[in-house]
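Bear in mind that the values here come from a model prediction, so they are computed numbers and not experimental data. In what follows, chains are A, B, ... by sequence order, proteins preceding strands, each numbered from 1.
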Number of protein chains: 2
Amino acid sequence: MKTSNLNFEAKQYTSKDFDANLPRVILPAMPDTPGEPVAEPTLEEQIAAYQREFQDLDPQVEQIVSALGRLNRRMNVAYGRQTAEIGISNAEWEVLKALVLSGPPYRLGPGDIAKRLGLTPAAMTHRIDRMVQEGLVTRDRDETNRVRVIVELTDEGREKWLEAMRLASVFEEDLLQDLTPAERGILGEVLTRLLRRVEDAQPDADGRLTDLD
Amino acid sequence: MKTSNLNFEAKQYTSKDFDANLPRVILPAMPDTPGEPVAEPTLEEQIAAYQREFQDLDPQVEQIVSALGRLNRRMNVAYGRQTAEIGISNAEWEVLKALVLSGPPYRLGPGDIAKRLGLTPAAMTHRIDRMVQEGLVTRDRDETNRVRVIVELTDEGREKWLEAMRLASVFEEDLLQDLTPAERGILGEVLTRLLRRVEDAQPDADGRLTDLD
DNA sequence: TTCGAAGTCTTCAATGTTGATGTCTCCGGT
DNA sequence: ACCGGAGACATCAACATTGAAGACTTCGAA
């Protein structure tokens with residue numbers, strides 16, 4: 001078993017993501033020495049606690065959902081660390097990904113990018129500002145339709161994306177290292193099926209988060 | 001097959017999470033009518049695009065990772081909608097979860113909560129402020145150790161948490177509706193194994209996101 | 001041609017988070 | 001007892017994102 005570079009770290013202060021996870025637990029009925037540091041709960045402890053507090057919970061469903069959430073969180077932390085290594089932010093990496101995936105000539109409007117990233121156009125304006133400054137992309141008016149603005153990937157931007165992909169590949173392979181090829185196939189298929197259901201349930205359309213605080 | 005309430009919606013403007021997903025694609029070699037709206041890429045298109053742009057990519061790994069990312073994103077959107085329905089924010093729900101999972105007497109320090117949520121203590125100060133205002137929690141000095149502050153769940157806070165759990169349960173069951181019990185078992189087991197690897201790779205410790213923009 | 005509606009991006013005020021700093025309390029050493 | 005270090009929370013300036021409003025361009029109808 002390859003023990004390699006799973007470069008995680010729970011990394012305090014990650015936020016930036018909502019997940020169905022975390023907290024801790026108190027198994028039988030006794031908290032750790034009252035007033036003490038209070039440790040991180042394992043997945044099992046977490047599920048046990050949920051069951052105790054909420055009878056109707058299906059432990060199997062909870063296991064899947066919680067593992068998904070916690071896993072995603074750790075992965076995002078790892079990606080964040082990697083992008084930091086090559087001198088870009090996670091936010092910038094997202095934009096680069098969108099542009100590369102759009103295919104040649106690697107151009108998109110700010111609004112399009114915003115849609116793909118789930119941000120407001122306003123946020124894109126500022127984000128693009130920074131990226132232009134850093135030489136990752138260029139921003140020009142579309143002369144055939146001056147309403148539009150075109151954001152285009154620069155060579156430097158593409159290079160950064162490549163570096164990030166290389167790091168990500170290594171990381172992802174490490175992550176899946178102890179799954180057999182058969183298990184990988186099943187996992188991919190099942191996840192894809194879940195995803196299809198969700199994405200079909202709502203083609204995409206619009207809708208905001210309505211995060212009324 | 002139950003067709004029920006998968007209440008998603010890609011929901012523009014979600015952000016709040018970093019994931020390895022989104023963008024679009026241009027399969028053979030032709031973008032949609034140049035300058036047009038540009039649609040959302042399917043998972044398959046996205047993987048195809050990545051392969052085209054990055055030779056060394058393992059499609060199977062990418063399928064798993066991308067599906068995970070996209071799935072999580074949709075789920076977070078769904079959770080956000082649900083918490084909004086019962087009048088709390090996702091952020092507040094996270095705090096409630098942390099408190100409930102801590103077990104009776106449902107008390108934690110701001111710092112502890114911050115650790116579990118991956119936020120800075122500074123952020124917790126304000127978040128708790130709001131939640132005290134709304135009557136979801138109380139905040140008091142620990143009289144036995146006046147350095148500490150104790151955040152405690154109120155009955156109203158617990159009730160909100162219960163409502164959120166009920167909604168979440170329905171949603172999660174819907175999400176997994178077309179997995180057989182056997183498939184659920186495997187999925188849960190495999191995800192747990194992945195999670196264990198990541199969490200073991202880095203017990204937890206500290207570390208920031210270093211999101212250098 | 002002129003006017004108005006729609007679409008796209010930018011600007012602005014408000015909010016939330018971060019990182020650094022400040023303040024207060026507890027605890028151990030002398 | 002006293003003093004200094006460590007720990008925990010609060011405060012503050014800087015920055016990113018949001019939602020609403022504003023500016024400009026295009027397109028269609030009168």
Gap between atoms CD and P, on B:Glu92 and C:dT15 respectively (whole Å): 15 Å

Interatomic distance, A:Asp112 CG vs C:dG7 P [rounded to whole Å]: 14 Å

Whichever of B:Gly109 and B:His126 has its nearest DNA chain D nucleotide further upstream toward 5': B:Gly109

B:Ala123 side chain, from C-beta outward: closest of C:dT17, D:dC12, C:dT10: C:dT17

Spacing of B:Asp129 atom CG relative to D:dA10 atom P, expressed in whole Å: 7 Å

Whether A:Thr154 side chain and A:Gly135 backbone form a donor-acceptor pair below 3.5 Å: yes

A:Arg139 side-chain N/O to C:dT8 phosphate OP1/OP2 under 4.0 Å: no

Atom pair distance, as rounded to whole Å: CD1 in B:Ile128 and P in C:dT17: 11 Å

Distance, rounded to the nearest Å, where A:Leu117 contributes CG and D:dT18 contributes P: 10 Å

B:Arg127 vs C:dT17: side-chain N/O to OP1/OP2 distance below 4.0 Å: yes

C:dC24 OP1/OP2 closer than 4.0 Å to side-chain N/O of B:Arg148: no

Test item: B:Thr83 side-chain N/O and B:Trp93 main-chain N/O as donor-acceptor pair under 3.5 Å: no

A:Glu172 side chain to A:Tyr79 side chain, donor-acceptor N/O pair below 3.5 angstrom: yes

Separation of C:dC9 P from A:Ile150 CD1 (nearest whole Å): 10 Å

A:Leu119 side chain, from C-beta outward: closest of D:dT17, D:dC12, D:dG19: D:dT17

Test: A:Arg127 and A:Glu92 ion pair at under 4.0 Å: no

Side-chain donor-acceptor pair present, A:Thr192, B:Gln63, cut-off under 3.5 Å: yes

Nearest-nucleotide comparison on DNA chain D, the residue closer to the 5′ end among A:Met124 and B:Thr125: B:Thr125

Ionic contact status for A:Arg193 with A:Glu199, cut-off 4.0 Å: no

Distance in angstrom units between B:Gln133 CD and C:dT15 C1', rounded: 15 Å

Distance-only donor-acceptor check, side chains B:Tyr50 and B:Glu45, under 3.5 Å: no

Heteroatom pairs (N/O) under 3.5 angstrom, protein to nucleotides 25-29 of chain D:
unit_1, atom_1, unit_2, atom_2, d
D:dT26, OP1, A:Arg146, N, 3.2

